[in-house]
Amino acid sequence: QVRLVESGGRLVQAGASLRLSCAASGRTFGSSAMGWFRQAPGKEREFVAGITWSGDSTYYAESVKVRFTISRDNPKNTMYLQMNSLKPEDTAVYSCAARTDTSGIIYGTARDYHFWGPGTQVTVSS
């Protein structure tokens with residue numbers, strides 16, 4: 001069982017940077033594949049970035065590649081999403097997700113994850 005809580009979301013102007021954090025409780029964070037998803041009003045939830053349990057491999061949606069960086073600190077039970085050059089279209093509720101998995105696979109669909117945080121709002125003004 002993993003409990004997840006996101007933080008760091010707020011209102012920023014286009015071009016700004018933000019770092020989101022996902023704090024996990026439970027003993028399985030270090031053996032969990034993790035991901036960030038986002039959902040904008042009136043749109044379906046979409047994959048943003050994923051990272052393996054060890055942190056040695058990452059994967060990004062095309063829309064955020066180069067601008068966003070996913071990372072994790074297993075001893076601190078925390079995952080991060082560094083977001084640079086933010087655009088108004090990045091406005092959404094950002095959620096982190098976990099799946100107990102040490103296969104080295106990065107999962108890009110929501111149904112592959114077992115545990116979810118409540119989300120944090122990111123709003124980018126133009």
Side-chain angles (χ1 to χ4, degrees):
Q1 188 81 12
V2 178
R3 182 168 179 254
L4 305 172
V5 179
E6 305 90 343
S7 62
R10 62 184 179 94
L11 171 65
V12 296
Q13 291 190 330
S17 297
L18 273 180
R19 188 176 80 158
L20 304 183
S21 298
C22 173
S25 61
R27 293 182 290 179
T28 60
F29 176 80
S31 57
S32 297
M34 301 290 296
W36 284 100
F37 290 76
R38 67 185 182 186
Q39 187 166 21
K43 295 187 177 181
E44 292 189 355
R45 182 165 50 189
E46 66 172 347
F47 171 79
V48 175
I51 189 167
T52 55
W53 68 277
S54 63
D56 63 354
S57 185
T58 59
Y59 186 76
Y60 298 90
E62 283 297 322
S63 59
V64 306
K65 196 177 291 185
V66 176
R67 299 188 298 122
F68 290 12
T69 303
I70 188 173
S71 62
R72 66 190 297 164
D73 187 335
N74 284 352
K76 292 185 178 180
N77 275 13
T78 305
M79 177 178 67
Y80 305 98
L81 185 68
Q82 177 66 43
M83 305 187 294
N84 299 328
S85 302
L86 283 162
K87 305 175 181 180
E89 51 264 43
D90 294 319
T91 295
V93 174
Y94 285 71
S95 300
C96 60
R99 172 191 172 104
T100 304
D101 189 300
T102 57
S103 67
I105 296 172
I106 297 174
Y107 297 87
T109 57
R111 66 176 179 271
D112 290 322
Y113 290 88
H114 304 145
F115 307 104
W116 291 82
T120 185
Q121 177 71 48
V122 173
T123 304
V124 184
S125 64
S126 57

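Numbering of residues begins at 1 and proceeds along the displayed sequence. No hydrogens, no waters, no symmetry mates; every other heavy atom, side chains included, goes into these values.
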Point to revise | Nearest non-hydrogen partners of Leu81 and Ala49, listed with the distance | key: CD1-CB, 4.3 Å

Review point. Ignoring hydrogens and geometry, is there a side-chain-to-backbone donor-acceptor pair from Tyr60 to Ile70 under 3.5 Å?
Key: yes

Review point. Should Ile51 and Val64 be counted in the same cluster of Ile, Leu, Val, Met, Phe, Trp and Tyr side chains packed under 4.5 Å apart?
Key: yes

Table please: side-chain donor-acceptor pairs of residues 7-35 below 3.5 Å, with sequence neighbours left out.
unit_1, atom_1, unit_2, atom_2, d
Ser17, OG, Asn84, OD1, 2.9
Ser31, OG, Thr28, O, 3.1
Ser32, OG, Thr28, O, 2.6

Check your understanding: Do you know the tightest heavy-atom contact between Asn74 and Arg72?
Key -> OD1-NE, 2.7 Å

Exercise for review: Look at the side-chain heavy atoms of Ile, Leu, Val, Met, Phe, Trp and Tyr, link any pair under 4.5 Å apart, and say whether Phe68 and Phe47 land in one connected group.
Suggested key: no

Check your understanding: Rounded to the nearest 0.5 Å, how far does OH of Tyr59 lie from CD1 of Ile106?
Key -> 9.0 Å

Point to revise | Heavy-atom pair with the smallest gap, counting every atom of Gly104 and Trp53 | key: N-CD1, 4.2 Å

Exercise for review: Could you state whether Phe37 and Phe115 fall into the same hydrophobic cluster, counting links through intermediate Ile, Leu, Val, Met, Phe, Trp or Tyr residues with side-chain heavy atoms under 4.5 angstrom apart?
Suggested key: no

Check your understanding: Apart from Tyr80 itself, which Ile, Leu, Val, Met, Phe, Trp or Tyr residues share its cluster (side-chain heavy atoms under 4.5 Å, direct or through members)?
Key -> none

Practice item. Can you see which heavy atom on Met79 is nearest to which on Cys96, and at what distance? Key: CE-CB, 3.5 Å

Review point. Nearest heavy-atom pair of His114 and Arg99: which atoms, and what distance?
Key: CE1-CG, 3.7 Å

**Study point:** No-hydrogen, no-angle side-chain donor-acceptor test under 3.5 Å, Arg38 and Tyr94
**Key:** yes

Review point. Is a donor on one side and an acceptor on the other found under 3.5 Å between the side chain of Arg67 and the backbone of Ser85?
Key: yes

Practice item. Can you measure from OG1 (Thr123) to CG (Asp90) and round to the nearest 0.5 angstrom? Key: 11.0 Å

Check your understanding: With a cut-off of 6.0 Å (strictly less than), are more than 12 heavy atoms of other residues, nucleotides or ligands near NZ of Lys76?
Key -> no

